[in-house]
Structures are given as structure tokens and as C-alpha cells.
Amino acid sequence: MSNQSVFLSGFGRQIWSFGKKNVPLLILIFLLILFTFVAPNFMTFGNLRTLIRQISFAGISSVGLMFVMISGGIDLSIGSQIVFSNVLLAIMMADWKLSPAVAIPLILLVGTGFGVINGFLSIKLKIHPLIITLGTSAIFKGMGYIINQSRNIMGFPESFRWFGQGYVWGIPVPVIVLIVVAIIGSFVLTKTYFGRQVFALGGNEEAARLAGVNLNRMKVILFMICGFCSGITAVLLLSRVFAGQTFTGQGLEFDCLTAALLGGVSFKGGEGTIFGLMVGMVIIGVLNNAMQLAAFPDFSQTVVKGAVLLIAVAFDVYQKNRKAKATVAKVAA
Amino acid sequence: MDAKVVLSLEKITKRYPGVLALNNVSMSFLEGEVHALLGENGAGKSTLIKAVAGAIDIDSGIIKINGQEYSKMTPFLSKSLGVEVIYQEFNLVPTLSVAENIYLCEKTENSVLFNEKIITKKAIEVLKQFDVKIDPHAMVQDLSIADQQIVEIAKAVSKNVKILIMDEPSAPLSVSEVEMMFNIINQLKQKGVTIIYISHRLEEVFRISDRVSVMRDGCYVTTINTKDTNRQELITLMVGRELKENYPQRKNPPTEIAMEVKNLTGNGDKNISFKVRKGEILGISGLVGAGRTELAQLLFGAAPMQSGEILINGNPVKIKSPLDAIQHKIGLLTEDRKGQGLFLEMPIKWNISFPIIRRISKYGVVNTKKEDEIALKYKERINIKTPSLLQQVINLSGGNQQKVVLAKSLAAESDILIFDEPTRGIDVGAKQEIYQLMTELADNGIAILMISSDMEELLGMSDRIIVLCEGELVGEVQKENFNQHYILDLASGTH
């Protein structure tokens with residue numbers, strides 16, 4: 001055991017061990033306190049509500065991404081999927097005059113279809129999903145540009161405004177959707193046999209295969225879940241922006257990935273919790289929000305985001321090594 | 001003997017957790033001799049050559065090369081002294097040319113650049129010695145296995161090799177290719193190169209070697225001149241021990257046939273047929289690479305079968321995936337438990353319940369109460385030593401990890417269990433427990449297939465043994481005829 005714990009006792013030790021397991025949460029608390037003092041506009045009800053709504057979009061997609069990541073995969077095409085779905089949904093409602101009640105389910109289907117494409121390519125080509133989804137990402141985005149024809153698509157039914165801009169008991173609708181998605185995600189991962197198989201796949205693919213898991217089917221289903229979640233995000237984002245542009249959703253996977261890594265979802269697979277993911281997401285939200293409040297130039301924000309991603313990866317590696325060392329020590333003892 | 005000793009090993013000891021891989025081994029090798037190294041699987045041959053090559057650190061002892069004493073060997077030092085090893089797995093870069101592979105790490109004179117012309121010229125010279133036609137520009141991946149082998153040898157020769165160690169060099173080669181390799185070995189011998197030749201094929205040892213050393217259970221046994229010995233004597237030396245472990249007595253005799261395999265072909269195995277009864281332990285013997293693990297994979301649906309038939313309780317069944325096998329109540333305890341059997345970073349109970357996770361779920365939701373009950377039941381039944389079932393498997397000892405693998409198969413209520421090297425790398429106490437458990441399982445009517453390289457345990461535990469050699473079933477031995485010599489003779493190939 002570490003030296004510090006010798007000097008602590010009772011309650012103090014409990015806090016110490018909690019903190020050691022929840023480093024991301026401590027970072028978040030630190031950031032919250034820091035910005036409360038540094039930025040006077042930060043800790044206000046209005047700002048916090050905006051902050052939570054800002055992260056809810058990437059948050060929903062990140063739940064889907066987490067399923068893929070726990071199984072040992074990755075999906076870099078999330079942002080591009082949203083670009084396409086967003087434009088297509090806009091066209092459906094503005095040009096084809098479809099009602100949201102028809103168009104939204106169709107878009108969720110399209111999103112799931114993207115997952116099928118990613119899944120099939122990765123099991124058929126047997127190449128790491130990192131490359132597959134990098135490729136499909138370019139394709140989805142390009143297709144989005146093509147159907148958009150450089151327009152700013154407008155003229156949706158007013159009823160569609162509610163999804164991205166409405167409130168229920170003062171809570172923004174996207175936030176409620178995020179909470180529902182997160183709760184379902186957490187339930188599936190921790191309580192169902194499917195969730196167990198996801199962890200098993202990421203923990204030891206060969207052992208999972210020999211235990212009778214249909215690897216190919218699992219991989220496709222996981223990408224479908226990820227695509228479905230991003231379909232939801234596309235709907236909410238279009239409703240929020242209320243204009244169909246190719247700009248919406250681009251690069252969203254970056255925040256999702258950073259949040260997942262910050263929140264303890266292992267890049268190698270086999271590990272991760274919804275709680276951790278959400279903490280990671282809020283950290284991203286707080287940083288983005290604080291940088292906007294401080295009127296950071298856009299380009300500098302990009303630099304900071306890149307740095308945060310690398311720090312998150314370093315943290316992931318550090319935790320792995322520490323665990324490995326602890327194991328070696330235990331075996332040697 | 002007036003030849004010079006080029007390599008001598010003095011009291012080399014190497015201990016791995018739970019195993020004494022090399023026990024006070026002393027041996028010496030002469031200049032310009034072909035020295036065969038013999039021993040059963042696990043006798044310590046591979047560890048010995050790794051020690052000479054500097055691939056592992058020895059715990060104690062001295063390696064003497066050309067009169068210089070070294071207590072610590074490194075790969076770099078070993079190479080600079082002229083030791084080259086050709087491992088079973090080739091160390092070639094498939095996408096580079098022959099010439100590039102031969103001079104992979106060499107700097108060409110007077111230049112920091114890689115001079116293709118010079119190395120090609122040098123490669124041609126080296127290859128000329130062997131009287132073979134290999135294009136130095138050809139990519140290694142386009143060569144036959146035999147030619148790749150020659151490139152490996154050429155690589156060693158190009159570095160002014162003094163001691164060439166070859167680990168099972170003939171394994172991937174055809175008969176004529178082996179002849180070619182023998183020619184090359186003879187040429188090297190003429191030049192004064194010492195060749196340490198490891199092979200399971202005894203007839204090759206008689207063909208090529210001048211002297212032969214035998215190892216057994218990590219110990220040096222003896223060295224003899226090849227012309228003064230014979231096949232029987234070598235086998236006796238390799239086996240040469242009495243059964244010393246106590247194997248539990250079985251209460252119930254085997255009953256009706258649980259599984260019948262007819263002409264099974266695929267995954268490197270050819271035309272294998274056998275039967276196993278309920279309550280029987282059928283031992284599967286063979287040397288490394290004989291196709292035993294491959295057979296287990298076939299039976300478990302983990303590798304595709306080309307032809308043949310599997311009958312369970314008299315009914316033909318199709319086993320196309322591990323899921324099919326599990327549904328037909330077949331369980332496989334893999335040889336590589338960390339790589340294939342366990343989720344190391346997950347709790348013990350997750351590991352145990354995983355194969356039956358669907359069965360203990362309702363509407364997709366895992367019944368954790370049932371899961372806890374099952375995990376607890378098997379933890380107690382087979383005595384997994386752990387404070388908590390939430391413990392990660394990675395923190396358990398090898399023996400306890402093996403028990404978790406066993407618990408997994410038992411929880412799945414398998415009727416046919418395939419144990420692939422069930423006691424490899426676990427300590428004596430845990431071994432006894434595994435034997436006891438296997439005996440109890442057989443007494444309860446479970447059919448057991450046991451693959452083992454440990455001849456002693458195979459003889460002690462099995463009711464019957466089938467022997468594989470190069471993917472074919474070469475013999476079946478009944479308990480009353482159990483005889484280590486005979487089985488090893490079959491496994492070593494008589495052709």
C-alpha cells in the first residue's frame with residue numbers, strides 16, 4: 001500500500017481510496033471550482049443549462065461509441081454520419097414535405113444503416129475499424145455535401161423545433177434524451193448478457209469466440225447501436241440549429257472519443273462505465289464552455305482540445321501500466 | 001578426442017515460476033561436429049538454446065565460448081561470438097528480398113547507405129556455397145519453406161558463424177528438402193562449424209549427427225557417440241523414469257460410447273477415427289506439432305473441418321462453431337488458458353458464468369442471484385482459492401486460473417470434456433487436485449479427452465491412449481499395454 005494511506009485514517013482513508021479510483025471526477029470538481037472563481041459568468045443557472053445542453057449532443061453519440069470501444073473497436077465516422085443524416089433529414093422535411101413523425105424514424109434507420117455498413121466492412125475486410133471508419137467517414141461526409149448542394153436548407157414544421165430547443169420542467173429536451181439514452185446504455189451494459197458479451201469481446205476476443213459468441217454478429221450490432229445513437233444526435237442537432245448545413249456535426253467524434261478516454265473507457269477494450277463517460281463528457285463541456293466564455297480564439301480551442309485528447313490517452317496508458325505493475329507485485333509476493 | 005571444445009556449459013540452472021527448466025546442466029560441444037540434442041517435450045532443450053543465444057537470463061552457471069567464460073549472455077554478445085540460432089519460427093522479413101534479409105542488420109563498408117549492388121553480390125556468393133538456385137532479388141514471401149530455411153542458414157553463414165543451433169529444422173520440410181539441408185550441414189561441418197541439431201526425428205539423428213546428448217526433465221542425462229547407440233537405447237534414455245506421482249483410483253468403469261469420430265480431416269489432421277466412452281479418460285499423445293491441439297479445435301468447432309463425421313451418443317452432429325459444440329455439451333479447456341480461455345481482467349464469477357450467460361438470463365437480463373449461486377457452487381466444488389468471486393482472474397495463481405477454466409466448463413454441464421495440457425505450468429499440489437477432479441468427473445460418467453505432453457501423467461490418468469504423428473493417428477494403446485517406450489516410438493514416427 002502507498003505511504004499516504006498510512007497517515008490517513010477512517011474517513012480520510014475512504015476519501016483517499018475513492019479519489020484514487022475516480023481521478024476524472026476529481027479533475028472535474030477542480031475545474032468547476034477553478035472556473036467559478038476565474039470566470040464570473042460561469043457558475044450561473046443559465047450558463048450551466050447551456051453547458052449541459054451543449055454536451056448532450058456529443059453525449060448521446062458517445063454512449064453508442066462506448067459500446068463499440070468496450071468491445072475493442074472504434075468508430076471515427078460518427079461526425080460524418082451526422083453530417084449526412086442532418087442534411088437528409090432537412091431535405092426530407094423541407095423539400096419532400098415529410099412530417100417529422102415519418103422523417104425522424106427514417107433518419108434513425110439511416111443511422112443504423114451506417115452502422116451496418118461499418119460493421120460489415122470491418123468483418124469482411126478484417127481490418128481494424130480505425131481504418132474502416134476513417135474511410136467510411138470520408139464517404140459519408142462527401143455524400144452529405146453532394147446531397148446538400150451548398151444550400152442552407154430551411155423551412156421545417158414548427159413542431160420540429162421542440163426536440164432541440166424545447167424544455168420539460170425547465171430541462172432542455174436533448175438533456176432528457178441524453179439521460180434516457182445513458183440509463184438504457186448503462187442498463188444494457190451492466191445488467192444484460194449482451195452487455196457481458198460486449199465486455200468479453202473487448203477483454204479477450206478468442207476466449208469469447210471459444211465460449212460461443214458469434215463475433216461477426218456482435219460487431220455489426222455494436223456498430224448499429226453506435227449509428228442509431230448518432231441518428232438521434234442528428235435529429236436533435238438539426239432541430240437545434242433549425243437549418244440543414246454540412247457544418248453541423250463535423251468532428252463530433254473527437255469530443256466523444258476524448259470524453260470516453262477521459263472517463264476511463266479503455267482504448268484496448270474491455271473496460272468502461274457510463275458514469276465515467278458522463279464525467280468525461282462534462283469535463284469536455286466545461287472546458288469548451290469556459291474557453292468560449294473567456295473568448296478564446298477558435299484555433300486556440302482546437303489546440304487545447306488536441307492536448308486534452310492526448311492527456312486522456314496518456315492517462316489511459318498510465319492506469320494500464322499501474323495495474324500491470326500492481327499485478328506483477330502481487331504475483332511476485 | 002583431440003578436437004577443440006568450442007562451447008561448454010557448466011552447471012546451468014534456470015528456474016521459471018513452478019518449474020525448474022534447467023537443473024545444473026553441464027555439456028560441451030566440439031569444433032566441427034554435428035551434435036544432436038534429444039529429449040521429450042519439456043525436457044529443457046529450448047530453454048538451453050535460449051540460454052546460449054542470450055535470449056533468457058540464466059539463474060546460475062557459466063557459458064564458456066572459445067575458452068572465454070560468461071555468466072551473463074546477451075543476444076548481441078552471443079552473435080558477436082559467432083553463435084546463430086535458427087528457430088522453428090523463421091526470423092525473416094517476408095516483404096524484403098533474399099539479399100536484404102541476409103544482410104538485414106549489416107552495414108556495408110564505407111557507406112551509411114544501403115548499397116543494393118554490394119549486398120546482392122555478397123548474397124550471391126553466400127548462396128553459391130550451397131549449390132542452390134535462389135534469386136537474391138526474390139521476395140522471401142514468394143519462396144518455398146525449404147528455400148526460406150536456406151536463406152536462414154545463409155544469413156547465419158554470412159555472419160561468420162561458429163556455432164549454428166537448429167531447432168527442429170526439418171519439421172516443415174519434405175524428404176528431398178531434408179536431404180538438401182543435410183548436404184548444407186555437411187558442408188558447414190567441413191568448414192569447422194559446430195552444429196547443434198534439435199530434432200524429434202530419431203532417424204535424422206542417426207543420419208546426420210556425430211554425437212548425441214539426451215536431456216530429461218531439465219537435467220542432462222548423457223552424451224554418446226551416435227555410432228555406438230541405437231534407437232531403443234535413446235528412447236530409454238529419454239524416458240528413463242518410473243511413475244512417481246500418485247494417481248487417484250477410479251471407482252466406475254467406462255460405459256457406453258459418448259462420442260465417435262470417423263475419418264476426421266481438417267486443420268492439418270488427416271483421417272482420424274476414434275471412440276470415447278462415458279466415464280473414460282482417453283489420452284492423446286504425440287510430439288509438439290503432431291496435431292493434437294488441432295484435433296481439439298476441430299472437435300470443438302474452433303477450426304473448420306474438411307471432411308469426416310462426429311457422432312454424439314450415436315447421432316451424427318454438425319459442429320461448425322464453438323457454440324454448436326457447447327450446445328452438444330462439449331467443453332474445451334485450452335492449452336493457452338490466458339490467451340484463449342480466460343478474461344483476465346474480469347471477475348472470477350463472470351468468467352465462470354460466461355458460457356451459460358444466456359441460459360441464466362431472462363428477457364436478456366442476467367439473473368445475478370443465479371450467477372452468484374453457480375459461481376459459488378463451482379468455486380467450492382473445485383476449491384478455487386480466492387477471498388472473493390469478484391477478484392480479477394489475473395490475480396490468481398496458475399493452478400487457480402486453471403480451476404476457473406475448469407469451473408467454466410463444468411458450469412456449462414458438459415458431457416464431453418477436452419483437456420489440452422491441463423497441468424502445464426501449475427505446481428505439484430494443484431496438479432494433484434486437477435487429477436482428483438478429472439477422476440471424479442470420469443466416475444460421474446463424463447467422457448474425457450486428455451492431451452498431454454507429460455508422458456507420466458498421460459500413462460497415470462488414461463484408460464486408453466491414442467497416438468498422433470504428423471496429423472495422423474498412428475496407434476492406439478490399451479491400459480494393459482501401456483509402455484512409455486512403445487508410445488514414444490509411435491510418436492517419433494517409424495517411417
Side-chain angles (χ1 to χ4, degrees), chain A residues 21 67 70-72 123 183-218 221 225 264-273 316 319-333, chain B residues 17 296-297 300-303 320-328 330-334 336-347 349-368 371 391-398 401 405 408-409 411-412 418 420:
Chain A
K21 278 185 215 138
F67 273 83
I70 291 178
S71 78
I123 62 172
I183 288 174
I184 295 175
S186 184
F187 178 82
V188 171
L189 277 176
T190 57
K191 304 286 182 202
T192 66
Y193 77 78
F194 176 80
R196 202 62 75 74
Q197 291 182 337
V198 178
F199 279 100
L201 195 56
N204 186 342
E205 190 170 313
E206 182 62 9
R209 183 177 86 93
L210 292 178
V213 176
N214 185 334
L215 299 185
N216 286 346
R217 196 174 63 192
M218 281 290 288
I221 292 175
I225 292 173
V265 180
S266 163
F267 193 76
K268 230 184 71 213
E271 271 175 83
T273 60
D316 183 34
Q319 280 203 319
K320 281 268 137 49
N321 288 346
R322 201 183 56 182
K323 229 187 242 168
K325 265 183 209 155
T327 309
V328 170
K330 241 179 220 168
V331 171
Chain B
Q297 288 169 340
F300 194 66
K320 286 187 177 150
S321 70
L323 189 61
D324 292 342
I326 293 166
Q327 275 161 358
H328 286 111
I330 300 174
L332 170 66
L333 289 86
T334 53
D336 174 11
R337 49 178 182 264
K338 285 184 183 167
Q340 303 180 321
L342 291 168
F343 305 104
L344 288 173
E345 275 145 19
M346 294 189 190
K349 69 172 182 186
W350 282 30
N351 272 280
I352 295 177
S353 67
F354 192 71
I356 51 159
I357 195 81
R358 291 177 87 136
R359 227 182 292 162
I360 57 169
S361 299
K362 205 173 179 188
Y363 307 120
V365 180
V366 179
N367 183 342
T368 44
E371 182 181 27
Q391 178 75 258
Q392 289 183 328
V393 172
I394 196 165
N395 295 326
L396 299 178
S397 69
Q401 286 185 357
V405 177
K408 221 172 81 169
S409 295
I418 307 168
D420 195 355

Please classify the contact between [X] and chain A as side chain, backbone, both or neither, with a heavy-atom cut-off of under 4.5 Å.
X: B/K338; answer: backbone
X: B/S321; answer: neither
X: B/L342; answer: backbone

Looking only at non-hydrogen atoms, find the nearest pair between [X] and [Y] and report the distance.
X: B/I330; Y: B/F300; value: O-CE1, 3.5 Å
X: B/P322; Y: A/L210; value: CB-O, 3.7 Å
X: B/M346; Y: A/F199; value: CE-O, 2.9 Å
X: B/R337; Y: B/V405; value: CB-CG2, 4.0 Å

Given 3.5 Å as the limit, does a donor-acceptor pair link the side chain of [X] with the main chain of [Y], or not?
X: A/R209; Y: B/A302; answer: yes
X: B/N367; Y: B/I360; answer: no
X: B/D336; Y: B/G341; answer: no
X: B/Q401; Y: B/V393; answer: yes

TODO: Please list, in residue-number order, every residue in residues 184-191 of chain A that has a heavy atom less than 4.5 Å from any heavy atom of chain B; write 'none' if there are none.
DONE: A/F187, A/K191
TODO: Sort A/Q197 into side chain, backbone, both or neither according to what part of it lies under 4.5 angstrom from a heavy atom of chain B.
DONE: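 When you check distances to chain B, atoms from both the backbone and side chain of A/Q197 fall under 4.5 Å.
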Open item on the list: Counting heavy-atom pairs closer than 4.5 Å to chain B, which one of A/A208, A/A211, A/A200, A/G195 comes out on top?
Closed with: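 Most pairs with chain B among the choices: A/A200.
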TODO: Against chain A, work out which of B/W350, B/F354, B/Y363 has the most heavy-atom pairs shorter than 4.5 Å and name it.
DONE: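 It is B/W350.
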Task: Gap separating the CD1 atom of B/I326 from the OG atom of B/S409, nearest 0.5 angstrom - done: 8.5 Å
